[in-house]
Amino acid sequence: MQEDLLNQISITADSTTRIDGGLLLSGPSVTLELQAAPVRYLYSGWQSWSLTAWLKTDHPVHTPRPSILHPMQVDPVHVRDRCPNGSWYGAVELPSGKIIFLGALNLDTHVALSGNDLQGWQETRADGSAPIHWFAAAGDEAEIFQRYSELLGDRLGRGRAASPFKVWCSWYSLYTEIHEEQLLKILADLGDLPFDVFQVDDGWQAGIGNWEANKKFPSGMAALAERIKATGRRAGVWLAPLLITPSSPVYREHPDWLLHRDNGLLVSAGFNWGEPLYALDTTHPGSLEWLAGLMQKVRSWGYDYAKLDFLYAGALPGKRHADMPREAAYRQGLKVIREALGEAYLLTCGAPILPSIGLCDAMRVGPDVGGHYASHRDDMLLMNFAAPGVRNALRTTLHRVWLRPLLHTDPDVVYFRTVLNDLSSSQKSILQDLAVVCNFKATSDVPAWLTPAELAALRNFLGTSPAVTRLGPQTYSIEDRRVDFAPFIDMPAPPGPVTNLQGAIISGLANIILLEKLFDLSGRIALRRALRNHPV
Ligand code: 9PG
């Protein structure tokens, strides 16, 4: 049946070979000429947080706001493309309901729908690089992705097979307001809850690019790892190793390690922590050596679970010490990191998807969750679906469950608490169901914030492994319950002209660095106040 459909499509490629489940095409650019105008397009976001979803083709292609966040939320190279498009792969749904898929088996590739042509091409070719291969298929979405994941795994490798850990992560309760004494209190309060990993998130470091304990961790990071391991758990730690901020020593001492533009200025990797962000050039021998040393240091402190974040920075477009395509350059850096981490478990986050396959054990496959479901500001004014929030996280994660044979798919944390949380009980449960579908369980809930019933629900969640079966697109059975995620992940209708104008104004303000800093500061003040009212 699917072969028939592919026979009806005229294909332009250097070569076409029939393989199990579809066609193997080769060539730096290929085209599938479709017979009818598609009704939906499967957008494939570049990195963990980027929107990935089936969207209607009669919706305009939107550019998320504000642009200052583009490098850290989407692929900045394609953010203003007007055709439906995505990184490495794309698919269309024809009016008949049939799905046609085109996916690259090489990095630095892109797919777009131009008129009725589904096109794939490689952005940059390195001299003498291997031929580019593509998988083209038609038919059932789940079967197509099953086959695509096999082909990718054969080329890029797979994570180490052991089952994922149950993780307590500090971020979604305490954010950057973590300190030693408070984390030790939580560690003690976790008691015999079956967490395998206690993961210290952002907030322990002296600075981004300055990976030493700050004043809030007076005993140091090795002592903390020791205390964690004494409870029988793995010690986990967060780092953003490929980011450099102006306040970090690397910025002052090794400007040549940073990713530059052709005009000699630095490539922006976004804006966060009240500072502009820059990227390490992962082809520079100096930065590679520094990265390996950093990973060895973290290992020597006793951490054997690394959440490495903001990794997209290594794959941004720019001028590199060694001239090579940006994703190949990133992969070279990740390989060095992986080797230096030895046996430690590696969770990648903010990571370009295909270039990370085979070099990590787990990957965050959606944007951050948060104590809210969705926001008018992000959905309607900014059209930003990479922003933190449960609906954004559900939507993108569900479209990436197909990666499960290749790595552990991290959907981000779930919540059981009512304290400092606006989610309804059905929103909390659907998020818990997502974690079960992804087979990755984590929370940031502070035991002291949980009622006895919430604590019992958390214990039950961690202690059980319900059977999951996929029933259809976005529908699963979990034990004997049918769970339909579709109503939870609808895309809001595009904004009207007035809302759009309001959004443009807000976005313009958000692009002003001083206002970004104020926004950051006001967030911190609100958080401190909330934490004062809710002691851990
Ligand atoms: C720590 C956090 C947590 C979290 C990560 C990541 O687009 N953004 O502005 C953006 C900022 C932060 C962010 C995601 C997106 O969160 O996903 O789990 O570790 O960093 O700072």
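Along the sequence shown, residues carry numbers from 1.
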Inset, instruction - Please determine, by modelled atom types, if Ser170 and Tyr175 share a side-chain donor-acceptor pair under 3.5 angstrom. - result: no
Legend entry - Identified side chain to side chain contact (heavy atoms under 4.5 Å, CB included) partner of Asn384 from the options Arg377, Gln73, Arg65: Gln73
Inset, instruction - Among Phe416, Phe195, Tyr415, find the one that has a ring pair (Phe, Tyr, Trp, His ring centres under 6.0 Å) with Phe461. - result: Phe416
Legend entry - Ion pair Lys297/Glu212, N-O distance below 4.0 Å: yes
Legend entry - Lys428 and Asp433 ion-paired at < 4.0 Å: no
Legend entry - Ring-ring centroid check Trp54 Tyr41, cutoff 6.0 Å: no
Inset, instruction - Would you check if Ser173 and Leu420 make a side-chain contact, meaning some heavy-atom pair closer than 4.5 Å? - result: no
Inset, instruction - Say whether, by atom type as modelled, one donor and one acceptor occur between the side chain of His110 and the main chain of Gly86 under 3.5 angstrom. - result: yes
Legend entry - Distance-only side-chain donor-acceptor flag, Asp309 / Trp238, under 3.5 Å: yes
Legend entry - Point-to-point distance, once rounded to the nearest 0.5 Å, from OH of Tyr330 to CD of Gln47: 9.5 Å
Legend entry - Backbone N/O of Thr245 and side chain of Ser248: donor-acceptor pair under 3.5 Å: yes
Legend entry - Any donor-acceptor N or O pair under 3.5 Å, side chains Gln205, Asn214: no
Inset, instruction - Apply side chain to side chain contact (heavy atoms under 4.5 Å, CB included) to Ser44 and list each qualifying residue two or more places apart in sequence or on a separate chain. - result: Ser87, Trp88, Tyr89
Legend entry - Euclidean distance, Glu150 CD relative to Arg147 CZ, rounded to 0.5 Å: 5.0 Å
Inset, instruction - Go through Asp140 and Ile99 one step at a time and tell me if the side-chain contact (heavy atoms from CB on, under 4.5 Å) criterion holds. - result: CA-CA 7 Å; Asp140 177 71; Ile99 284 164; over 6 Å; no
Inset, instruction - Tell me, with the steps shown, if Val436 and Tyr476 meet side-chain contact (heavy atoms from CB on, under 4.5 Å). - result: CA-CA 10 Å; Val436 170; Tyr476 293 83; over 6 Å; no
Inset, instruction - Taking the side chain as every heavy atom from C-beta outward, state whether Val468 and Asn439 have any pair of such atoms under 4.5 Å apart. - result: no
Inset, instruction - Report yes if the side chains of Tyr305 and Leu346 come closer than 4.5 Å at any heavy-atom pair, otherwise no. - result: no
Inset, instruction - Just do the side-chain contact (heavy atoms from CB on, under 4.5 Å) check on Leu347 and Leu308 with the steps written out, would you? - result: CA-CA 6 Å; Leu347 164 63; Leu308 301 188; over 6 Å; no
Legend entry - Salt bridge flag under 4.0 Å for residues Asp192 and Arg459: yes
Inset, instruction - Could you label the plane-to-plane angle of the His408 and Tyr345 rings as parallel, tilted or perpendicular, counting under 30° as parallel and over 60° as perpendicular? - result: parallel
Inset, instruction - Indicate the atoms forming the closest heavy-atom contact of Val369 with Asp412, along with that distance. - result: N-OD2, 2.9 Å
Legend entry - Arg528 side chain to Leu531 backbone, donor-acceptor under 3.5 Å: no
Inset, instruction - Return yes when atom CZ of Arg227 has more than 12 non-hydrogen atoms of other residues, nucleotides or ligands closer than 6.0 Å, and no otherwise. - result: no
Legend entry - Ser50 versus Gly45, closest heavy-atom pair with distance: CB-CA, 3.6 Å
Legend entry - Polar contact flag, side-chain donor to acceptor under 3.5 angstrom, Arg400-Thr52: yes
Legend entry - Validation row: Leu434, Phe440 side chains within 4.5 angstrom (heavy atoms): no
Inset, instruction - Assess the pair Trp204 and Phe217: is the distance between their ring centroids shorter than 6.0 Å? - result: no
Inset, instruction - Please work out which of the three classes, parallel, tilted or perpendicular, describes the rings of Trp301 and Tyr303, given edges at 30° and 60°. - result: perpendicular
Inset, instruction - Ignoring hydrogens and angles, tell me if any N or O in the side chain of Thr396 forms a donor-acceptor pair with the backbone of Gly366 under 3.5 Å. - result: no
Legend entry - Within 6.0 angstrom of Glu289 CD, more than 12 heavy atoms from elsewhere: no
Inset, instruction - Look at Asp304 together with Arg299 and state whether they make a salt bridge at an N to O cut-off of under 4.0 Å. - result: no
Inset, instruction - Work out which heavy atom in Leu462 is nearest to a heavy atom in Lys166; give both atom names and the distance. - result: O-CE, 3.1 Å
Legend entry - Closest contact, heavy atoms only, Ser356 versus Met363: CB-CE, 3.7 Å
Inset, instruction - Side-chain contact test, heavy atoms from C-beta onward, threshold under 4.5 Å: evaluate it for Tyr312 versus Leu243 and give yes or no. - result: yes
Inset, instruction - Answer yes or no: is there a donor N or O on one side and an acceptor on the other, between the side chain of Thr409 and the main chain of Leu403, under 3.5 Å? - result: no
Inset, instruction - Check whether any side-chain heavy atom of Tyr172 lies under 4.5 Å from a side-chain heavy atom of Asp368, and answer yes or no. - result: yes
Inset, instruction - Mind jotting down which residue pairs meet the salt bridge (charged side-chain N to carboxylate O under 4.0 Å, His left out) criterion with at least one end in residues 387-398? Sequence neighbours excluded, please. - result: Asp379-Arg391
Inset, instruction - Fit a plane to each ring of Phe385 and His62, take the angle between them on a 0 to 90° scale, and name the class: parallel (under 30°), tilted (30 to 60°) or perpendicular (over 60°). - result: perpendicular
Legend entry - Donor-acceptor contact below 3.5 Å, side chain Lys307 vs main chain Cys349: no
Inset, instruction - Report the distance from atom OG of Ser444 to atom CG of Asp201, rounding to the nearest 0.5 Å. - result: 7.5 Å
Legend entry - Donor-acceptor contact present, side-chain Trp449 to main-chain His534, <3.5 Å: yes
Legend entry - Backbone N/O of Ser424 and side chain of Gln427: donor-acceptor pair under 3.5 Å: yes
Inset, instruction - Show your reasoning for whether side-chain contact (heavy atoms from CB on, under 4.5 Å) applies to Leu190 and Thr231. - result: CA-CA 10 Å; Leu190 291 178; Thr231 69; over 6 Å; no
Legend entry - Residue pair Glu454 / Thr418, side-chain donor-acceptor N/O under 3.5 Å: yes
Legend entry - Set of side chain to side chain contact (heavy atoms under 4.5 Å, CB included) partners for Ser287, sequence neighbours left out: Trp257, Leu280, His284
Inset, instruction - For the pair Arg481 (side chain) and Val483 (backbone), establish whether a donor and an acceptor sit closer than 3.5 Å, ignoring hydrogens and angles. - result: no
Inset, instruction - Would you confirm whether Asn460, through its side chain, and Ala456, through its main-chain N or O, come within 3.5 Å as a donor-acceptor pair? - result: no
Inset, instruction - Find out whether Arg331 and Leu156 are in side-chain contact, i.e. whether some heavy atom of one side chain is under 4.5 Å from a heavy atom of the other. - result: yes
Legend entry - Point-to-point distance, once rounded to the nearest 0.5 Å, from OG of Ser268 to CG of Leu259: 10.5 Å
Inset, instruction - Find the distance between CG (Asp189) and CG (Leu193) and round it off to the nearest 0.5 Å. - result: 10.0 Å
Legend entry - Residues Asp196 and Arg233 bridged, charged N to O under 4.0 Å: no
Legend entry - Side chains of Ile244 and Ile208 in contact at under 4.5 Å (non-hydrogen atoms): no
Inset, instruction - State plainly whether the residues Lys216 and Glu180 are in salt-bridge range, i.e. N to O under 4.0 Å. - result: no
Inset, instruction - List the atom of Ala269, the atom of Met72, and the distance in Å for their closest heavy-atom pair. - result: O-CB, 3.8 Å
Legend entry - Taking every non-hydrogen atom, the tightest pair across Thr109 and Glu327: N-OE1, 4.4 Å
Legend entry - Distance in Å, Cys438 SG paired with Arg364 CZ, rounded so as to fall on 0.5 Å steps: 11.0 Å
